[in-house]
Participant: 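My structure is below; once you've seen it, I'll send some questions.
Below, chains carry the letters A, B, ... as their sequence lines are ordered, and counting in each starts from 1.
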Amino acid sequence: MTVRVRIAPSPTGLLHVGNARTALFNWLFARNRGGTFIVRIDDTDRERSTPEYERDILDSLRWLGLDWDEGVEVGGPHGTYRQSDRFDRYRELAHRLVAEGHAYHDPRTPDELEELRARARAEGRHPGTYIRRPSQQARTGPIRLSIPQDRPIRFDDLVRGEVVFDPASVDDFVILRSDGTPTYHLASTVDDIDFAITHVARGEDLLPSTPKHIVLAEALGARPPAYAHLPLLLGPDGKLLSKRHGATAVSAYREQGYLPEAMFNYLALLGWSPGGDVTIFSREEAIGAFDLGKVSKHPAVFDPAKLEWMNGEYLRAMSTDEFLRRAFPYVETAVGRALTGDEKRAIATIGLLVQERVKTLAEVADQVGFLLGEPDYDPGSWQKVMTGDHVPTVLDEALRRLERLEPFDHRHVEETLRAMLDQLGLGARKGLQPIRVAVTGSSISPPLFESIAALGRDRTLERIRRARRRLGG
RNA sequence: GGCCCCGUCGUCCAGUGGCCCAGGACGCCGGCCUUUCAAGCCGGAAACGCCGGUUCGAAUCCGGUCGGGGCUGCCA
């Protein structure tokens, strides 16, 4: 039987890296097995679902390169792949389950239910123990599935092995709300059956829901899919990764200049590895080696520092042409306008030097900003570098030498500035840093000689004079 | 509280009875290189939670214990 897997995000927020990792593992599994990867939108929560979030989720998935074979926006034999379009189907099945005796209308009030839960707790039992079919039959109220109490519920989890639940610890849960809308459990289980899903790989947080889904599927006359519960992603404090830990949206990393291939690689390594000492690997290598059975059982801490390092690795591994092509849009966003051809060419002359010093594409703008407009002096840099007695002399001498330098390329700039160092008896640090600050505004910049050449004679002289004036005297 | 899951360096991963006084990566520390910042190179500190078993032999198997996490809703 050919593998059919799905991810079913709820459009109630941006695509979270944890969900992206779940999507990634499903995608890898499908690609490894020559199966079908499906994207379904679980928007049963009409209140919180928005088209904007759905857009972000789909864009982020595509950005990561997780293309889907069936589902929302690409179509397929199962309708729109959006649960909000299938409410009639869920309702019909819920009522059928009542008619067949598998489910019942629950007439109790929230207070009554709360009392049952409190009683179970007080007795040291599972809170759902007494949420069972009441003696009197009702025609209204939410519909609950009846959990048979005569046998344990067991299944073989692809990553955890056999898991067994005592039915007493599984409450009769609501499948259809009193307003006639389905709960997640119903909609998800019905869709998995209707769409012929063979494997459900999802976060471990859904593990306690799995016995419910199994009983539901069987009550519907279907064979449940195989399950794989993936380890959760944690923040540095060991708690479930969430916004309070910082950026968790895939699109946020995209905006910060992370590469999809780096994010892909990093996410794949959270809870899985192709084996051995391999840390950096391609999409194809991941597909070839992927196996749900080799996914680890314990949660993983999401470490932005390692992601950043990995992004730098990918940045340095690409050609400088490609690096520039991908960096320009980030620079344009940062300066708020399109770059001119001259500016792009100027940036390109120091492209390699920038490429080996940045960890994200967004940082490129910081590195090349001095080429795109008059920089402000960084106060700390000025204080540290421009207050020495030798500085006016350095600037004057640099001006004198650069004014007539021909040709004005980085080799000649270096030659004449090094000669200046000798003449003034200054070390490189003391002699060159003032020029760097004068020209770039900061004590941190790409290598000086190339930067000066990229900037050109006129603007270089102009900036040194401006710094000189600021010094007075 | 109850149910379930999990437990190798700070973090991610390798390890499926002997190749392990535990390997790689990030981070950290030190050094080299060096015009700043990076990158690169070299070196270092750093873990099998604990206690019992099984075995000639255990990080690897079993039990217990401790610890962590998830769930516990007419959210998903």
Side-chain angles (χ1 to χ4, degrees), chain A residues 8-10 12-13 42-45 47-49 106 110 113-114 117 120-129 141-144 157 159-160 163-166 168-171 173-179 181-185 187-188 203-211 229 231-232 234 236 238-240 266 269-280 296-310 312-313 316 353-359 363 367 381 384-385 414 417-418 421 427-433 435-437 440 442-449 451:
Chain A
S10 292
T12 54
D42 278 18
D43 56 352
T44 48
D45 186 340
E47 294 295 299
R48 297 192 299 144
S49 298
D106 186 355
L113 293 168
E114 189 41 53
R117 294 193 178 97
R121 263 176 187 277
E123 294 173 359
R125 296 170 189 275
H126 186 94
T129 307
I143 295 178
R144 289 182 187 276
D157 189 288
V159 346
R160 276 149 226 285
V163 181
V164 184
F165 283 85
D166 177 351
S169 69
V170 182
D171 60 309
F173 61 103
V174 171
I175 58 176
L176 197 75
R177 302 186 188 101
S178 49
D179 67 0
T181 62
T183 61
Y184 155 77
H185 300 297
S188 181
E204 193 197 334
D205 52 337
L206 270 328
L207 192 51
S209 295
T210 299
H229 289 90
L232 265 14
L234 273 26
K239 308 284 191 201
L240 206 49
Y266 180 70
L269 207 54
L270 252 26
W272 178 77
S273 123
D277 290 341
V278 183
T279 299
I280 302 278
S296 75
K297 300 172 173 66
H298 56 268
V301 174
F302 182 83
D303 179 11
K306 187 163 184 176
L307 204 212
E308 188 179 58
W309 162 78
M310 193 172 279
E313 289 290 302
R316 273 171 261 122
L353 301 174
V354 173
Q355 183 179 10
E356 57 194 17
R357 348 184 97 58
V358 296
K359 291 214 170 88
E363 288 172 35
Q367 291 276 325
S381 297
K384 185 172 55 178
V385 174
E414 173 163 13
L417 289 183
R418 285 201 188 282
L421 258 28
R429 184 182 295 264
K430 283 190 94 173
L432 260 26
Q433 282 296 80
I435 302 175
R436 184 190 306 280
V437 172
T440 70
S442 169
S443 60
I444 298 173
S445 83
L448 185 60
F449 311 126
S451 295

Participant: Taking the side chain of Ile444(A) as its heavy atoms from C-beta onward, which of C37(B), U35(B), G27(B) lies nearest to it?
Facilitator: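 Minimum distance to the Ile444(A) side chain belongs to C37(B).
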Participant: Give a yes or no on whether the backbone of Pro447(A) and the side-chain of Ser451(A) come within a donor-acceptor separation of less than 3.5 Å.
Facilitator: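 Yes, Ser451(A) side chain to Pro447(A) backbone: donor-acceptor pair under 3.5 Å.
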Participant: Look at the side chain of Ser273(A) and decide which nucleotide, out of A14(B), G24(B), A76(B), has an atom nearest to it.
Facilitator: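 The closest nucleotide is A14(B).
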Participant: Could you check whether Gly271(A) gets within reach of a base, just the sugar-phosphate, or nothing at all, counting any heavy atom under 4.0 Å?
Facilitator: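 Touches sugar-phosphate only.
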Participant: Under 4.0 Å between a side-chain N/O of Thr44(A) and OP1 or OP2 of A76(B), yes or no?
Facilitator: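 For Thr44(A), the contact criterion (side-chain N or O under 4.0 Å from OP1 or OP2 of A76(B)) is met.
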Participant: Among the candidates G69(B), C74(B), U35(B), find the nucleotide nearest to the side-chain atoms of Pro142(A).
Facilitator: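 The closest nucleotide is C74(B).
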Participant: Could you check which of U8(B), C12(B), A38(B) has an atom nearest any side-chain atom of His298(A)?
Facilitator: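 Between U8(B), C12(B), A38(B), the one nearest the side chain of His298(A) would be U8(B).
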Participant: With a 3.5 Å limit on both atom pairs, tell me what C3(B) is paired to, counting Watson-Crick and G-U wobble, or say none.
Facilitator: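 In the structure as shown, C3(B) has G70(B) as its Watson-Crick or wobble partner.
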Participant: Do Thr279(A) and C13(B) have a side chain to base donor-acceptor pair shorter than 3.5 Å?
Facilitator: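 Looking at the base of C13(B), it does not pair with any donor or acceptor on the side chain of Thr279(A) (distance under 3.5 Å).
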Participant: Could you check which nucleotide pairs with C61(B) in any of the strands shown, counting Watson-Crick or G-U wobble with both distances under 3.5 Å?
Facilitator: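 Its partner is G53(B).
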Participant: Got a donor-acceptor contact below 3.5 angstrom from the Tyr266(A) side chain to the Asp303(A) backbone?
Facilitator: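 Flag set: sc Tyr266(A) to bb Asp303(A) pair under 3.5 Å.
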Participant: Please tell me which of the listed nucleotides, U72(B), A38(B), U36(B), lies nearest to the side chain of Pro127(A)?
Facilitator: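 Given the options U72(B), A38(B), U36(B), the side chain of Pro127(A) is closest to U72(B).
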Participant: Have a look at Pro211(A) and say if it touches a base, only the backbone sugar-phosphate, or nothing, with a 4.0 Å heavy-atom cut-off.
Facilitator: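 Counting heavy atoms under 4.0 Å across all strands, no contact is made by Pro211(A).
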Participant: Do Val159(A) and Glu204(A) make a side-chain contact, defined as non-hydrogen atoms from C-beta onward lying under 4.5 Å apart?
Facilitator: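 No. Closest side-chain heavy atoms not under 4.5 Å.
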Participant: Between U8(B) and G67(B), how many Å separate the two C1' atoms, rounded to a whole number?
Facilitator: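 The answer is 15 Å between these two C1' atoms.
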Participant: So Ser10(A), base contact, sugar-phosphate only, or nothing? Heavy-atom distance under 4.0 Å.
Facilitator: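 The residue Ser10(A) makes sugar-phosphate contact but no base contact.
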Participant: Give me the distance, rounded to whole Å, that separates C42(B) from C33(B) when you measure between the P atoms they each carry.
Facilitator: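 Here C42(B) and C33(B) have their P atoms 15 Å from each other.
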Participant: Short question: side chain of Thr183(A), backbone of Val174(A) - any donor-acceptor pair under 3.5 Å?
Facilitator: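 Indeed, once roles are kept as given, a pair shorter than 3.5 Å links the two residues.
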Participant: If only side-chain N and O atoms of Lys430(A) are considered, is one of them under 4.0 Å from the OP1 or OP2 phosphate oxygen of U35(B)?
Facilitator: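 No, outside the criterion.
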Participant: Please find the pair of heavy atoms, one from Leu421(A) and one from Gly431(A), that lie closest to each other, and give the distance.
Facilitator: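 In terms of heavy atoms, the two residues are closest at CD1-CA, 3.8 Å.
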Participant: Distance between the C1' atoms of G23(B) and A14(B), in whole angstroms?
Facilitator: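 That atom pair is separated by 7 Å.
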Participant: Whether Lys359(A) contacts A38(B) is assessed here as follows: a side-chain N or O lying under 4.0 Å from the phosphate OP1 or OP2. Is that the case?
Facilitator: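 Looking at the OP1 and OP2 atoms of A38(B), neither is under 4.0 Å from any side-chain N or O of Lys359(A).
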Participant: From the set A39(B), A38(B), A14(B), return the single nucleotide nearest to any side-chain atom of Arg316(A).
Facilitator: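 Closest nucleotide among those given: A39(B).
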Participant: Tell me if a side-chain donor or acceptor on Arg125(A) pairs with a main-chain N or O of Ser169(A) at a distance below 3.5 Å.
Facilitator: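 Not at all, since once roles are kept as given, no pair shorter than 3.5 Å links the two residues.
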Participant: More 5' along RNA chain B: Arg160(A) or Asp43(A), using each one's nearest nucleotide?
Facilitator: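 Mapping each residue to its closest nucleotide by heavy atoms, the 5'-most match is Arg160(A).
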Participant: Categorize Arg429(A) for me: base, sugar-phosphate, or nothing, with a 4.0 angstrom heavy-atom threshold over every strand shown.
Facilitator: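 The residue Arg429(A) makes sugar-phosphate contact but no base contact.
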Participant: Where the side chain of Arg160(A) meets the backbone of His229(A), is there a donor-acceptor pair that is under 3.5 Å apart?
Facilitator: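 Side chain of Arg160(A) to backbone of His229(A): a pair is present.
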Participant: Using OP1 and OP2 only, check whether a side-chain N or O of Arg117(A) sits under 4.0 Å from G73(B).
Facilitator: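 For G73(B), OP1 or OP2 has a side-chain N or O of Arg117(A) closer than 4.0 Å.
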Participant: His185(A) near the nucleic acid: base, sugar-phosphate alone, or nothing, with a heavy-atom cut-off under 4.0 Å?
Facilitator: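 Here His185(A) touches the bases of the nucleic acid.
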Participant: Quick one: label Leu448(A) by what it contacts on the DNA or RNA (base, sugar-phosphate, nothing), any heavy atom closer than 4.0 Å.
Facilitator: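 Base, at least one base heavy atom under 4.0 Å.
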Participant: Counting Watson-Crick and G-U wobble pairs only, both distances under 3.5 Å, name the nucleotide matched with A25(B), or none.
Facilitator: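 Per the H-bond distance test, U11(B).
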Participant: Please state the P separation for the pair G49(B) and G10(B) - nearest whole angstrom.
Facilitator: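 Their P atoms lie roughly 11 Å apart.
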Participant: Considering only the C1' atoms, how many Å lie between A22(B) and A58(B), rounded to the nearest integer?
Facilitator: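 It works out to 13 Å between them.
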Participant: Which whole number of Å gives the distance between the C1' atom of A76(B) and that of U60(B)?
Facilitator: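 Here A76(B) and U60(B) have their C1' atoms 38 Å from each other.
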Participant: Report which part of the nucleic acid Pro447(A) touches: base, sugar-phosphate, or nothing (heavy-atom distance under 4.0 Å, all strands).
Facilitator: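 Base contact - Pro447(A) has a heavy atom under 4.0 Å of at least one base atom.
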Participant: On RNA chain B, nearest-nucleotide positions of Asp45(A) versus Tyr266(A): which is more 5'?
Facilitator: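 The residue mapped nearer the 5' terminus is Tyr266(A).
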Participant: Under a 3.5 Å cut-off for both distances, is G30(B) Watson-Crick or wobble paired, and to whom?
Facilitator: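 In the structure as shown, G30(B) has C42(B) as its Watson-Crick or wobble partner.
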Participant: Checking contacts here: which listed nucleotide (U11(B), G23(B), G69(B)) is nearest the side-chain heavy atoms of Asp303(A)?
Facilitator: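 Taking heavy atoms from C-beta onward, the closest nucleotide is U11(B).
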Participant: Is any side-chain nitrogen or oxygen of Arg418(A) closer than 4.0 Å to OP1 or OP2 of U35(B)?
Facilitator: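 The answer is yes; a side-chain N or O of Arg418(A) sits under 4.0 Å from OP1 or OP2.
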Participant: Given 3.5 Å as the limit, does a donor-acceptor pair link the side chain of Ser443(A) with the main chain of Ser381(A), or not?
Facilitator: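 Such a contact is absent between Ser443(A) side chain and Ser381(A) backbone.
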Participant: Is Arg121(A) close enough to U72(B) that one of its side-chain N or O atoms is under 4.0 Å from OP1 or OP2 there?
Facilitator: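 Answer is no, no contact under 4.0 Å.
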Participant: Once you apply a heavy-atom cut-off of 4.0 Å, does Leu353(A) come out as touching a base, just sugar-phosphate, or nothing?
Facilitator: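 Contact class for Leu353(A): none.
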Participant: When you measure from the side chain of Ala428(A), which nucleotide among C6(B), G73(B), U35(B) comes out closest?
Facilitator: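 Selected nucleotide (nearest to the side chain): U35(B).
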Participant: From G40(B), A76(B), C5(B), pick the nucleotide closest to the side chain of Glu313(A)?
Facilitator: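 Nearest to the side chain of Glu313(A) among the choices is G40(B).
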Participant: Determine the Euclidean distance between corresponding P atoms of G18(B) and A59(B); express it in Å to zero decimal places.
Facilitator: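 It comes out at 10 Å once rounded to the nearest Å.
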Participant: Can you tell which of A76(B), C4(B), U8(B) lies closest to the side chain of Leu207(A)?
Facilitator: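 Taking heavy atoms from C-beta onward, the closest nucleotide is C4(B).
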Participant: So, does the side chain of Lys306(A) form a donor-acceptor pair with the base of C12(B) at under 3.5 Å?
Facilitator: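 Between C12(B) and Lys306(A), which were checked side chain against base, a qualifying N/O pair under 3.5 Å is present.
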Participant: Quote, to the nearest angstrom, the C1' distance that separates C20(B) from C48(B).
Facilitator: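 After rounding to an integer number of Å, I get 10 Å for this pair.
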